[in-house]
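Take a look at the structure set out below.
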Amino acid sequence: MMMTRDQLLKVIEEITIVIEENKVHLTDLDQAIGDGDHGINLNRGFRAVKEKLESLRDKDCGTILKTAAMSLISTVGGASGPLYGTAFMKAGAVVAGKEYISVEDSIKMFDEAIQGIIARGKASRGDKTMLDVLVPAFEAWKVAFEEGESTEKASEKMLGAAYQGLEYTKTIIAKKGRANYLGERSIGHQDPGATSSCIILKTIVDVMAKGE
Ligand code: ADP
Ligand code: MG
């Protein structure tokens, strides 16, 4: 077992807190290459998710993630709400009816979440989006378990790949989203969605590490 239903609720609660803490930072990043609302968008979305948490205490992992997904999709106007919402929805479908998440589930959930983002946003790795963090992070996660690593080691490798992906977004031209209007001028700037993805992955790892 990798994560219980209670830990999943804790993950969502903690994401709400760290997104709030990073609201200005994310918005500043989006100010440079977008329209300056990424932090505001996600904060609004996760606050709506938080309001649902109490009603989810005794629900299964699939229901928890699906409910969170619907809140994100319905409250966030920007591109990131539907994209993260789709990711949560697809991940939730993997654990429908389950009260805990296994290692195998986590790999499938991560994969499905990314496939959902790609299906919805039609971006690929290298377009300077959240995918530049999520795809390498997923690959590191999957490979670590294939090589028999512990969850702790897999988490470390996954986050390492995520932060490397985040750095990479500074070096490339945006091909999707609003930043793509800037063309070459988007080089040098860190992608806001890739940044929020790192923050979310770090939060998941932190909750797992606490093992409460
Ligand atoms: P908007 O661009 O509508 O203002 P946000 O500012 O909330 O929405 O989110 C911007 C982030 O969304 C970008 O930094 C990028 O990482 C991500 N993004 C935008 N378009 C796509 C896409 N088609 N696929 C994946 N991610 C995308
Ligand atoms: Mg924006």
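Atoms within a ligand are numbered from 1 in the order they appear, just like the ligands themselves.
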Item to check | Electrostatic pair Glu139-Lys142, nearest N-O below 4.0 angstrom | outcome: no
Joining Ile, Leu, Val, Met, Phe, Trp and Tyr whenever any side-chain heavy atoms lie under 4.5 Å apart, the cluster holding Ile17 also takes in none
In chain-and-number order, ligand 1 lies under 4.0 Å from a heavy atom of each of Asp30, Asp35, Asp37, His38, Asn41, Gly78, Ala79, Ser80, Leu83, Gly121, Ala123, Thr129, Met130, Lys176, Gly177, Arg178, Asp191, Pro192, Gly193, Ala194
Next on the checklist: Just so I know, are the side chains of Tyr84 and Met130 near enough to count as touching, which here means a heavy-atom distance under 4.5 Å?
Outcome noted: yes
For Thr169 and Gln190, the nearest pair of non-hydrogen atoms, with its separation, is OG1-CA, 3.8 Å
Beyond-backbone contact of Ser80 with Leu42, side-chain heavy atoms, under 4.5 angstrom
yes
message = Other residues, nucleotides and ligands only: do more than 12 of their heavy atoms fall within 6.0 Å of NZ on Lys108?
response = no
Which atom of Asp37 is nearest the Mg ion (ligand 2), counting N, O or S only? It is OD1
The Mg ion (ligand 2) has as its nearest N, O or S atom from Asp30 the atom OD2
For the Mg ion (ligand 2), the nearest N/O/S atom on Asp35 is atom OD1
* Electrostatic pair Lys98-Asp105, nearest N-O below 4.0 angstrom -> yes
